[in-house]
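Quick notes on the structure that follows.
The figures here come from the full heavy-atom set of this structure, side chains too, leaving out hydrogens, waters and symmetry mates. Atoms within each ligand, like the ligands themselves, are counted from 1 in listed order.
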Amino acid sequence: MIDLRSDTVTQPTTAMRAAMAAAVVGDDVYGEDPTVNRLEAVVAEQLGFAAALFAPSGTQTNLLALLTHCQRGDEYIVGQQAHTYKYEGGGAAVLGGIQPQPLEFEADGRLDLPRVAAAIKPDDFHFARTRLLCLENTLGGRVLPLDYLAAARRLVDAHGLSLHLDGARLFNAAVALNVEVAAITRYCDSVSVCLSKGLGAPVGSVLCGDRDFITAARRWRKMTGGGMRQAGILAAAGLHALTHHVEPLAQDHAHAARLAQGLRTLGFDPDGPHTNMLFLSLEPSQATDLARFLHQRSILITPSARVRLVTHRDIDTAAIDRVIAAFAEYGDCPYSTP
Ligand SMILES: *Cc1c(COP(=O)(O)O)cnc(C)c1O
């Protein structure tokens, strides 16, 4: 199967499994897992923070960040389509009494900073207290420019807010910009990064921040059931990914570009490539039809009005060419209108 649905579908490599099997472990709730401690230290250092916390998922590290930045009755400003608003079950509201203030993204996928400033509530008991701006990078594969992040930092400083970055695909952004991750994260008070997306680990995300922030987040992690015991087996996969799977992200981006180019040649009009993603706008019935057609050729997509095609470690150049060939065949079908 060539699975284009997401970069979460990667299988751990043999070398990664060996690193996991060999991991020295302890009870991480006691702070005694040397491999978890090493992963947290490595990620904190790379991202330029004093401390870090390993958790089972990016949903959880984002939730811990929101619960730590905001109290009950506080609010965070966030994109209407942002993961931290739309795709995390409303966790901050459900568990933290934290109100989101969603704003529409601009056509380029960014939150317009003057509109963010306008959404900050005055200090008035009628309003929730605006505490936090949440950004996402990459966002639908798009990389936030560094000068945009610098401007966002100036904005939050001017209004006494904090800035959290959902950096689920932070390393894709850094590879695309050809900068160290710290060049991106330096503008943020906290950052969540996923090890289980393009980096190819089976499980895990890391939250970074200052020492007090991570101490408070650690309490929330325990409370929300994210305290794991011999988690070094999982952290070892993350360490392996950080050592071996960052540079190859450039391959995923090249594959997305190759796929976009191939589809354009066939007369499709994909949005992208944006790092490791591209999007196809289709009629709903056509999307279902296309998904069925591709499935018969061992290619998986999620049918929707905007089909997301995601490249990752388990898709090589030959697989991209097979996908392009399948689309060519589909374009030839009498019942299709690409
Ligand atoms: C995947 C993802 C997360 C976290 O998802 P989990 O599946 O909970 O690890 C957070 N933000 C973005 C943008 C994501 O793509």
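Relative to the six-membered ring of Tyr187, Arg153 misses at least one condition, a distance below 6.0 Å or an angle of at most 45° to the axis.
Protein heavy atom closest to atom 13 (C) of ligand 1, with residue, atom name and distance, is Glu136 OE2, 3.1 Å. Here the protein heavy atom with the shortest distance to atom 11 (N) of ligand 1 is Asp166 OD2, 2.6 Å.
Sorted by first then second residue, the ring pair (Phe, Tyr, Trp, His ring centres under 6.0 Å) pairs that include residues 201-228, not counting sequence neighbours, are His69-Phe213.
With a 4.0 Å heavy-atom cut-off, ligand 1 is reached by no atom of Thr84. In Thr59, the parts holding a heavy atom less than 4.0 Å from any atom of ligand 1 are both the side chain and the backbone.
Of all atoms in ligand 1, listed by their number and element, those nearer than 4.0 Å to a heavy atom of Ser57 are 8 (O), 9 (O). Distances below 4.0 Å separate heavy atoms of Glu88 from the following atoms of ligand 1: 10 (C). Atoms of ligand 1 lying under 4.0 Å from at least one heavy atom of Arg169, given by number and element, are 15 (O). Distances below 4.0 Å separate heavy atoms of Gly58 from the following atoms of ligand 1: 4 (C), 6 (P), 8 (O), 9 (O).
For the pair His245 and His240, the minimum side-chain heavy-atom distance is below 4.5 Å. In this structure, Leu234 and Thr35 have side chains that are not in contact, with every pair of non-hydrogen atoms separated by 4.5 Å or more.
A side-chain contact (heavy atoms from CB on, under 4.5 Å) with Leu207 is found for one member of Arg218, Gln60, His164, Arg221 and no other, namely His164.
Taking a distance limit of 4.0 Å, we find that atom 9 (O) of ligand 1 is approached by some protein heavy atom.
Distances between N or O atoms of Lys197 and those of ligand 1 include at least one value under 3.5 Å.
A donor atom on one side chain and an acceptor atom on the other are found under 3.5 Å apart for His253 and Asn172.
Note: Phe268 and Phe327 have perpendicular aromatic rings, judged against thresholds of 30 and 60 degrees for the angle between ring planes.
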